[in-house]
Amino acid sequence: MKKVLVVGGGGRCHAIVDALSRSPQVEKIYCAPGNAGIAQQAECTPIKETDVDSLLSFAKENAIDLTVVGPEVALAAGIADCFRANGLSIFGHTKAAARIETSKEFAKEIMSKYGVPTASYRSFSDFNEALSYVNAGSFPAVLKYDGLAAGKGVVIAQNREEAEVALKDMLLDDRFGKGKVVVEDYLEGPEFSFMCFVNGSKVYPMPLAQDHKRAFDGDMGPNTGGMGAYSPLPFITSEDTDFALREVLQKTADAMVAEGYPLTGVLYGGLMKTGDGVKVIEFNARFGDPETEVVLPLMESDIYDIFSAIAEGREPAGELKWCDSAILGIVLASKGYPGSYEKGCPISIDADIDAHIYHMGTAASENGYKTAGGRVMMVVCKGDSVVEARAKANIAAGKVHCDKLFHRSDIGWQVK
């Protein structure tokens with residue numbers, strides 16, 4: 001029987017812990033640092049995701065058989081390199097391979113060199129050069145900070161004034177640190193998320209999902225880390241999926257092998273179905289959030305098999321199996337999010353709630369849970385259709401009580 005360490009907290013890691021808890025091979029799950037909900041399924045230890053030395057010591061002291069990395073900051077800190085150098089099995093990319101997410105410019109260079117479809121771009125480190133280039137082009141313009149920016153480093157500037165403010169923010173005021181800006185052509189069309197397990201040139205697709213970034217119903221309000229997700233996607237054809245798998249995910253995996261930075265974890269394609277076909281908006285080097293919370297509950301295979309096979313560089317046993325139900329999740333967020341919000345507000349949950357509940361930003365309280373983040377919980381329900389799953393999830397969201405929470409009721413609105 002195996003002992004597993006999951007690195008991270010939040011809803012994505014709760015979904016990973018939940019999937020691992022269904023494996024007959026897994027005896028014990030630890031999570032660092034975890035959260036109050038994860039603590040119901042794993043033993044949490046208060047080690048930060050970026051404290052690689054302490055995580056290494058913990059894994060050695062507790063004879064961990066496999067470590068699974070959730071967030072990009074741990075990959076960027078070199079946790080996979082460190083663990084492998086010490087003979088420990090870990091699911092997650094090397095620091096060099098994780099640049100597919102941690103450097104927008106690196107990702108664009110790979111796509112350009114190997115013919116992966118994406119928007120045209122130019123990179124700049126000089127404010128005046130960037131501003132001149134943007135002003136000479138058309139609007140809207142897409143401006144991306146080159147490094148990690150916790151999901152806040154992308155601005156779609158509608159005019160010159162907005163572009164100037166954003167470029168000043170990124171290049172003169174160093175809001176996210178010292179770095180470059182990638183200026184891209186603006187693309188239009190529905191976005192979707194395509195995650196795959198990747199082991200070198202071997203690519204194992206997961207079900208597609210769609211995230212909802214805007215805070216309020218009708219896709220109104222500010223951008224967030226994601227207010228809900230669902231699967232399957234009726235607007236994506238099997239031809240679209242085949243093209244994305246072949247021309248985006250597989251081609252990128254092959255490119256990373258050719259460049260000497262093979263992927264050994266999850267490759268997340270943030271894609272758009274444009275009038276000219278499927279194109280890449282961004283890559284992430286790990287599970288997406290909140291997409292993971294609706295994709296992993298569909299898995300019927302033993303996820304420990306997959307994680308351990310990729311960590312050890314071998315083929316998973318058998319084909320990956322997925323439930324063909326529709327699934328939809330609604331995020332419950334603190335009022336004020338993505339701006340400032342209160343913490344420590346009590347949460348009560350009706351006993352008859354019929355949903356997976358994934359904790360994103362909660363803490364334990366004397367009577368249960370309290371809020372401890374912007375996105376607090378996600379209720380996830382399956383159904384025979386997206387419409388049915390949405391109805392169930394909205395009922396479930398109404399069974400979580402807290403005066404300081406809000407949620408969207410129209411997740412999956414594209415499906416009538």
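Hydrogens, waters and symmetry mates play no part in the numbers below; they use all other heavy atoms, side chains included.
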Mind checking ring pair (Phe, Tyr, Trp, His ring centres under 6.0 Å) for Y121 and listing every partner two or more places apart, or none if nothing turns up? none
So do the side chains of L55 and V7 get within less than 4.5 Å of each other, counting heavy atoms only? yes
Could you tell me whether the side chain of S231 and the main chain of L208 form a donor-acceptor pair under 3.5 Å? yes
Does a side-chain N-to-carboxylate-O contact under 4.0 Å join R22 and D18? yes
What's the separation between atom OG1 in T94 and atom CE in M256, rounded to the nearest 0.5 Å? 7.0 Å
Measure the spacing between NZ of K108 and OG of S120 and express it to the nearest 0.5 Å. 7.5 Å
Is a side-chain donor or acceptor of Y341 paired with a backbone partner of K335 at a separation under 3.5 angstrom? no
Between Q25 and D305, a side-chain donor and acceptor under 3.5 Å: yes
Ring centre gap for Y204 and F197 strictly below 6.0 Å: no
Donor on one side chain, acceptor on other, T264 and R84, under 3.5 Å: yes
Do D219 and W413 have side-chain atoms, one donor and one acceptor, less than 3.5 Å apart? yes
Is any NZ, NE, NH1 or NH2 atom of the basic residue among K392 and E388 found under 4.0 Å from an Asp or Glu carboxylate oxygen of the other? yes
Any sub-3.5 Å donor-acceptor pair from R214's side-chain atoms to G221's backbone N or O? yes
How many angstroms lie between atom SG of C196 and atom CG of L249, to the nearest 0.5 angstrom? 3.5 Å
Just checking, any donor-acceptor pair under 3.5 angstrom between side chains of Q414 and Q210? yes
What do you reckon, are the aromatic ring centroids of F283 and Y268 less than 6.0 Å apart? no
Inspect the contact between R12 and E293 and indicate whether a charged nitrogen and a carboxylate oxygen are less than 4.0 angstrom apart. no
With ring centroids as reference points, do H212 and Y230 lie under 6.0 angstrom apart? yes
Of all heavy-atom pairs linking D240 and F235, the shortest is OD2-O, 3.9 Å
Polar side chain donor-acceptor pair, D289 to T292, under 3.5 angstrom: no
Quick check on D350: does its CG atom have over 12 non-hydrogen neighbours (other residues, nucleotides or ligands) under 6.0 Å away? yes
Between I47 and S54 the two heavy atoms that sit nearest each other are CG2-CB, 3.7 Å
Report yes if the distance between the aromatic ring centroids of F406 and Y337 is under 6.0 Å, otherwise no. no
K202, NZ atom: more than 12 neighbouring heavy atoms under 6.0 Å: no
Establish, from distance only, whether the side-chain atoms of N394 and S409 form a donor-acceptor pair under 3.5 Å. no
Any donor and acceptor pair, going by atom type alone, linking the side chain of S89 with main-chain N or O of A311 inside 3.5 Å? no
With no hydrogens and no angle check, is any side-chain donor or acceptor of D302 less than 3.5 Å from a backbone partner on Y304? yes
Under a 3.5 Å distance rule, please check whether D81 uses its side chain to pair with a backbone N or O of K95 as donor and acceptor. yes
Step-by-step side chain to side chain contact (heavy atoms under 4.5 Å, CB included) determination, V116 to T118: CA-CA 6 Å; V116 177; T118 189; 5.8 Å; no
Check residues 30-40 and write down every donor-acceptor pair under 3.5 Å in which the side-chain atom is one partner and the other belongs to a residue at least two apart or another chain.
residue : atom : partner : partner atom : Å
N35     : OD1  : G37     : N            : 2.9
N35     : OD1  : I38     : N            : 2.8
N35     : ND2  : H359    : O            : 2.9

Are more than 12 heavy atoms from other residues, nucleotides or ligands located less than 6.0 Å from atom CG of D324? no
Test side chain to side chain contact (heavy atoms under 4.5 Å, CB included) applied to R390 and L328, step by step: CA-CA 6 Å; R390 178 170 57 228; L328 186 142; 3.7 Å; yes
Please say whether more than 12 non-hydrogen atoms of neighbouring residues, nucleotides or ligands are located less than 6.0 Å from CE in M220. no
Side-chain donor/acceptor of S21 to backbone N/O of Q41, under 3.5 Å: no
Go through F91 and T67 one step at a time and tell me if the side chain to side chain contact (heavy atoms under 4.5 Å, CB included) criterion holds. CA-CA 6 Å; F91 176 88; T67 298; over 6 Å; no
With sequence neighbours excluded, what pairs up with E312 under the salt bridge (Lys or Arg N to Asp or Glu O under 4.0 Å) test? R314
Looking at every non-hydrogen atom in both residues, tell me the closest pair between D65 and K2 and how far apart they are. OD2-CA, 3.4 Å
What verdict does the side chain to side chain contact (heavy atoms under 4.5 Å, CB included) test give for I349 and H401, after you've listed the backbone C-alpha separation in whole Å, the side-chain angles of each residue and the deciding distance to 0.1 Å? CA-CA 6 Å; I349 304 172; H401 305 285; over 6 Å; no
Check whether the side chains of T362 and K370 place a donor and an acceptor atom closer than 3.5 Å, and report yes or no. no
Over all atoms of both residues, closest heavy-atom pair of V400 and I347: CG1-CG2, 3.8 Å
Distance to the ring centre below 6.0 angstrom and angle to the axis at most 45 degrees; does that hold for R408 and F216? no
Check E184 with R122, please: is the shortest side-chain N to carboxylate O separation under 4.0 Å? no
Pairwise distance CG(L405) to SG(C345) - rounded to 0.5 angstrom: 7.5 Å
Looking at K113 and E259, is there a salt bridge between them, counting it only when a charged N and a carboxylate O are closer than 4.0 Å? yes
Please confirm whether the backbone N or O of Q158 pairs with a side-chain atom of E162, one donor and one acceptor, at under 3.5 Å? yes
Sequence neighbours left out, what passes salt bridge (Lys or Arg N to Asp or Glu O under 4.0 Å) with D352? Give chain and number order. K399
What residues form a salt bridge (Lys or Arg N to Asp or Glu O under 4.0 Å) with K382, not counting sequence neighbours? none
Correct closest heavy-atom pair for A98 and H93 would be N-CB, 4.1 Å
Is S301 reaching over with its side chain to a backbone N or O of K321, donor-acceptor style, under 3.5 angstrom? yes
Just to verify, what does R286 make a salt bridge (Lys or Arg N to Asp or Glu O under 4.0 Å) with, not counting sequence neighbours? E72, E101
Hey, could you give me the OG/NZ distance between S334 and K404, rounded to the nearest 0.5 Å? 10.0 Å
Do S103 and D146 get their side chains close enough for a donor-acceptor pair, meaning under 3.5 Å? yes
A quick test of your reading: do over 12 heavy atoms of other residues, nucleotides or ligands sit less than 6.0 Å from CG of D384? no
Whether T241 side chain and T237 backbone form a donor-acceptor pair below 3.5 Å: yes
From M195 atom CE to L296 atom CG, the distance as rounded to the nearest 0.5 Å: 6.5 Å
Does a side-chain heavy-atom distance below 4.5 Å link D211 with K213? yes
Minimal heavy-atom distance between S201 and V257, with the atoms involved, is OG-CG2, 3.7 Å
Pair K3 + E27: basic N to acidic O under 4.0 Å: no
